[in-house]
Amino acid sequence: MALTHRSYAYEHGGIPHNERLEFLGDSVLGQAVTVMLFTTHPDLDEGSLAKRRASVVSTVALAEVARGIDLGSHLRLGRGEEQTGGRDKDSILADTMEAVIGATFLSAGPDAATELVLRLTEPLLADPERYGAAMDPKTSLQELAARLGLTAPQYSIEASGPDHDRRFTATVTVGDVSMNGLGSSKKTAEMAAALSAWRLLDERA
């Protein structure tokens, strides 16, 4: 059930899907990460701890974890989600990751669920800046550009498609880097472009 998306459940007579497990897993994930950060970083204040926790449990971070274990290939999706690339959508991957954590809690107990969370999130805890950038990529890109002595990022937007299904392509230019991002709104397109540019510049730095 943890791998069954609601789109698949609706197409198969309303069988159980993973949203209740996702609800449970979200809580287990948050507690495990909070306790880990609290005990391993006695020098960090509340604000810094909260920022690190948010970066680790973000949709983008959890989707990266899911890709790392090839979770997408095991999903049960409805036809519509299958056709629109649901197996690699951040939101679906992150939600399913939480559902798997919830299912682990129910089937193997809280200790096993906590161990799973910490094993999966270990690389995120080791590199919180990368996942913090995923939450607010435009600000992170601006700050990184300033540190590198580059001009402020410049954005341009192009729109396509009918009014009821507009798609936006954003282009961000900073220094000699120019990256594109796609989204269903101007904001999401700019965020996608900014994150791509941040990752490239961060690797260089």
Side-chain angles (χ1 to χ4, degrees), residues 1-9 17-19 21-30 32-33 36-37 51-105 107-108 112-138 140-141 144 167 169-170 172 179-184 188-204:
M1 187 166 62
L3 302 175
T4 304
H5 189 257
R6 66 174 179 268
S7 61
Y8 182 95
H17 53 74
N18 64 9
E19 289 186 358
L21 287 173
E22 174 197 333
F23 172 78
L24 175 61
D26 176 67
S27 180
V28 175
L29 169 70
V33 171
M36 169 58 76
L37 290 172
K51 185 176 181 181
R52 287 203 178 203
R53 178 179 60 190
S55 69
V56 172
V57 303
S58 71
T59 297
V60 171
L62 289 179
E64 286 292 305
V65 170
R67 291 188 182 97
I69 60 173
D70 193 27
L71 191 62
S73 66
H74 301 286
L75 300 179
R76 296 205 291 179
L77 298 175
R79 287 188 297 273
E81 287 292 354
E82 191 77 72
Q83 292 168 358
T84 56
R87 291 187 185 279
D88 196 45
K89 283 184 181 176
D90 281 2
S91 58
I92 291 179
L93 288 172
D95 290 348
T96 306
M97 194 72 258
E98 290 179 339
V100 168
I101 293 167
T104 302
F105 180 92
S107 63
T114 297
E115 183 182 342
L116 174 66
V117 168
L118 297 180
R119 189 165 72 246
L120 291 173
T121 59
E122 185 178 5
L124 314 186
L125 291 164
D127 189 12
E129 274 195 27
R130 176 182 172 193
Y131 297 95
M135 297 178 63
D136 189 2
K138 293 182 70 174
S140 294
L141 178 61
L144 180 57
R167 305 298 295 174
T169 302
V172 62
M179 302 295 285
N180 295 329
L182 304 176
S184 57
T188 55
E190 287 181 347
M191 288 174 66
L195 183 58
S196 294
W198 183 92
R199 284 174 172 160
L200 181 58
L201 288 175
D202 183 62
E203 287 177 5
R204 290 185 183 180

Between [X] and [Y], which heavy-atom pair has the shortest distance, and what is it?
X      : Y      : answer
Met1   : His17  : CG-O, 3.4 Å
Ala192 : Gly181 : CB-CA, 3.9 Å
Ala63  : Asp90  : CB-OD1, 3.5 Å
Leu37  : Leu125 : CD2-CD2, 3.6 Å
Asn18  : Leu3   : ND2-C, 4.4 Å
Ala94  : Leu62  : CB-CB, 3.7 Å

Would you call [X] and [Y] a side-chain contact if the rule is heavy atoms closer than 4.5 Å?
X      : Y      : value
Ser140 : Trp198 : yes
Thr96  : Leu93  : no
Asp95  : Glu98  : yes

[atom1] of [X] to [atom2] of [Y]: how many Å apart, nearest 0.5 Å?
X      : Y      : atom1 : atom2 : answer
Leu141 : Glu190 : CG    : CD    : 11.5 Å
Met97  : Ile69  : CE    : CD1   : 4.0 Å
Leu200 : Arg204 : CG    : CZ    : 5.0 Å
Arg53  : Leu124 : CZ    : CG    : 15.0 Å
Asp136 : Lys51  : CG    : NZ    : 8.5 Å
Ile92  : Leu71  : CD1   : CG    : 11.0 Å

*Crowded around Arg199 CZ? As in, over 12 foreign heavy atoms under 6.0 Å?*
yes
*If you measure from the Lys or Arg side-chain nitrogens to the Asp or Glu carboxylate oxygens, is any gap between Arg67 and Glu64 under 4.0 Å?*
yes
Is a side-chain N or O of [X] found less than 3.5 angstrom from the main chain of [Y], in a donor-acceptor match?
X     : Y     : value
Ser58 : Ala61 : yes
Ser27 : Phe23 : no
Ser7  : Gly78 : yes
Arg87 : Gly72 : yes

*Of Lys89, His5, Arg76, which is the lone residue that meets side-chain hydrogen bond (donor to acceptor under 3.5 Å, both in side chains) with Glu81?*
Lys89
